[in-house]
Structures are given as C-alpha cells and as structure tokens.
Amino acid sequence: LTDIDIDSHGNYIHTLAIRNGGSNNKESTSQQRRNLVMTHGYFTGVGFFYRNYRDLGQVPGWDVYAIDWLGMGRSSRPAYKSRRSEGEDKRISHAEEFFVESLEEWRKRMGIDKMVLCGHSFGGYMNSVYALKYPQHVEKLVLVSPIGVPEAPPDLEERMRHGYVPSANNADDKPVRPSMQRAFLFRTAMSLWDRNYSPQWLVRSSGPFSRRIIDWYIGRFTMLTEEQRRGMAAYSHQIAILPESSASALGDILRPAAFARRPLVTRLADVKVPTTFMYGSHDWVEHTGGLDVIRRIEGRVPTQLYRVPNAGHNMHIDNPKDFNRFMVSEMESA
C-alpha cells in the first residue's frame, strides 16, 4: 500500500500494488509486464476487493493495482466544486474530468503504458469515460455491473417527484401509487441529490448513529463471517466519515435511480478497445444495458458478457470464486 502523488498541491492516489510481473527478474522489463488496474464503486474503496487479490495477484506476468478514486477512500480529499449552476454540459464534463484526469496522472506517475481496466459500478462508468478519451493506454475494459449505461425512462423525473415506483409483479410496468409519506421522501431525496448531497453526508451527519448505518449496510453481506463483516464495517465507517470531497460529484454525473445524465449506451458505441461486461445473477443493475452496448459494437471490437452465479451487484464479494475465474480468463486472453 502506498500513496502516489499526482500533482504539486499535495493530492495523491491511495494505491495497492501486487507486483507479480517479474519485476524482481533481471531479464524482465516494464514492457514485458502486464497491468491490471481495478477501480472501486461508490461508497467503497480498495478494501472491497480483498477477496480477489490473492487469485488475481498470482497470474504469471501480471502486476495488479487497485486505486481509491481521488477524493474517495483513503486518497487525498481536495475540495470539489460543482458547476451545476453553469448548465448540464459543464456540470457533467467538470465532474468526469476530475476523475479521468486524476487516473491519467496516476498512470503517468506509475510508468504504465497499457492496462486492463476493471471497474465496478461507479468505477466501471469512469473507466469507460477514460477509455473513450485515452484508448491508447487501455488494453481491455472489464465493466463489472457498471452504472449509467441505459437511457433513463422518459417519465423518470415524474415518477420520482410523485413517488411512483414500478411493481415487481406487474408485467406492464405500470406505476403503483405510493403513500403520501413515500412521495414526500422521494421528492426530498431528489432535491438533496440534485444539490450534490451524498450518502456520505448522511453518514457524517448521523453523529453517533453513523456506525449503525454502516453496520446495517454491511450486514447485507450474509455470505461473510461475523468477523469479516465487522472488519468491513470498521473499514467502511472509517472512509465514510472522512471529509467531504468528490463523493458529492455523483449528483453531477447521475440522475436519481443511478441513470446517467450522459448514458454510456450511446457513448460506448465509439469504444475502440475490447470490452467485457460482468453482472451478478441477481444484480440490481440490469444486464440488458450491457447487451445493448454489445449489439452496437459487436463485430468491431471483441466483446462479451458474463453472468456471475449466486451473486448480486457486489459479485466480487458475493461469489469471489467465479468472479476471479472470469477475471483470470479476461487477463489471459487480453
């Protein structure tokens, strides 16, 4: 574990490095080593890949890195200033540039020419934007349940404003009228979201109850032992209560319900690198978004989609055995 300086203002990217690419071999060179770079999702950090490092770090010839996004995890936390008052385009571009350019500066400082980029959820979104801008440095994209792929339904804002939600038992996806209390909560959540209030803000504002919120969240990982859940909860709480920074950018990038303001489904039609999608078998992020992208790029760049069995959105935690197996296959075929 180390912190890599990325500018002259004291900013750094917290980095976990597993050098298994022959760096101790006198005959090896940086060109001979292959690089896997893993980026985490929202509200998490490099620690959430702890069930994957051992298997991935043993692939011969590969160096494995995991980073905390600038302003998240244990990376430095510079002030993030939203540009939502300057219009939608500037708001989005500023937020994406904040993350993409910090990743590019990290790559330069690490001396990495090409890398396989594996990003989970929010990390998948940002890795995609990076690959569209810097394809010459991306050997392959592995998008693990990426958010922001599909177009939002045309009535999304109306549904959210009035608290309407689709019924799981309604094949026609007709909205079910909620209670007045739920409608109020939805409108409040929309207002806070659009003003860049983040879930971390909620945790920090909860004072002595903040750890209970984290314990509830981590408690959903029932496949872990009690000791493992305690460790993850302690780690998650520690990074959640650190000063606010780029977590507030989420509202600049996503609309409510995790739909992107600039959906990837059309943008990835221009991707120039091999692209693989991976979803859990009971993932809340619909795999149909990945299929839609595949239909647009198939035949132009290598592409495929995996469904990880017995896993939800955090498949790297839910079912590390199959997730790691798929990842090793992607590394070996890169």
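The structure displayed is predicted, hence computed values, not measured ones.
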Co-membership, hydrophobic cluster, residues [X] and [Y], 4.5 Å side-chain:
X	Y	value
M315	F49	yes
Y12	V100	no
W216	F221	yes
V142	I18	yes
L16	L36	yes

Derivation and outcome, side chain to side chain contact (heavy atoms under 4.5 Å, CB included), residues T275 and L143: CA-CA 7 Å; T275 303; L143 305 178; 4.0 Å; yes
We want to know whether [X] and [Y] form a side-chain donor-acceptor pair, criterion being a heavy-atom distance below 3.5 angstrom.
X	Y	answer
N310	N319	no
T303	E298	no
R83	S93	no
R19	Y65	yes

Residues [X] and [Y] bridged, charged N to O under 4.0 Å:
X	Y	answer
E101	K133	yes
D322	R325	yes
R267	E96	yes
R91	E86	no
E226	R229	yes

With rounding to the nearest 0.5 angstrom, report the [atom1] to [atom2] distance, [X] to [Y].
X	Y	atom1	atom2	answer
Q136	K272	CD	NZ	10.0 Å
L70	Y80	CG	OH	11.5 Å
W69	I13	CH2	CD1	8.5 Å
D3	S75	CG	OG	7.0 Å
Y235	T44	OH	OG1	7.0 Å
H316	H120	NE2	NE2	5.0 Å

Any heavy-atom pair between the side chains of [Y] and [X] that's under 4.5 Å?
X	Y	answer
M327	V59	no
L268	S128	yes
L1	H14	yes
V144	C118	yes
P150	D292	no
Y125	L264	yes
D215	R230	no
K140	L117	no

Intermediate values then yes/no, side chain to side chain contact (heavy atoms under 4.5 Å, CB included), I6 and K108: CA-CA 9 Å; I6 60 170; K108 293 177 183 177; over 6 Å; no
Check against salt bridge (Lys or Arg N to Asp or Glu O under 4.0 Å), R107 and E104: CA-CA 5 Å; R107 180 199 64 79; E104 170 61 3; 2.8 Å; yes
R74 vs Q238, side chain to side chain donor-acceptor pair (under 3.5 Å): CA-CA, chis, key distance, verdict: CA-CA 9 Å; R74 292 194 173 278; Q238 287 170 7; 2.8 Å; yes
Intermediate values then yes/no, side chain to side chain contact (heavy atoms under 4.5 Å, CB included), V271 and L141: CA-CA 10 Å; V271 72; L141 265 181; 4.2 Å; yes
Chi angles and distances behind the side chain to side chain donor-acceptor pair (under 3.5 Å) call for D318, N314: CA-CA 6 Å; D318 297 341; N314 292 283; 5.8 Å; no
If every non-hydrogen atom of [X] is compared with every non-hydrogen atom of [Y], which pair is closest and at what distance?
X	Y	answer
F259	A152	CD2-CA, 3.5 Å
L56	V64	O-CG2, 3.5 Å
S206	I213	OG-CD1, 3.2 Å
R255	A260	CD-O, 4.1 Å
D7	H9	OD1-N, 2.9 Å
M72	R77	C-NH2, 3.6 Å

Trace of the side chain to side chain donor-acceptor pair (under 3.5 Å) decision for T15 with W106: CA-CA 10 Å; T15 303; W106 175 86; 3.0 Å; yes
Step-by-step salt bridge (Lys or Arg N to Asp or Glu O under 4.0 Å) determination, R34 to E139: CA-CA 9 Å; R34 313 289 292 282; E139 195 169 356; 2.4 Å; yes
Centroid separation Y306 to H287 less than 6.0 Å: no
Check: F43 ring centroid to F122 ring centroid under 6.0 Å: no
Pair S145-W284, side chain to side chain contact (heavy atoms under 4.5 Å, CB included): steps then yes or no: CA-CA 9 Å; S145 192; W284 66 264; over 6 Å; no
Residue R220 excluded, over 12 heavy atoms near CZ under 6.0 Å: yes
Y134 and Y130 aromatic ring geometry - parallel, tilted or perpendicular at 30°/60° bounds: tilted
Donor-acceptor contact below 3.5 Å, side chain Y279 vs main chain V308: no
D68 and its side chain to side chain contact (heavy atoms under 4.5 Å, CB included) partner, picked from V46, T39, I239: V46
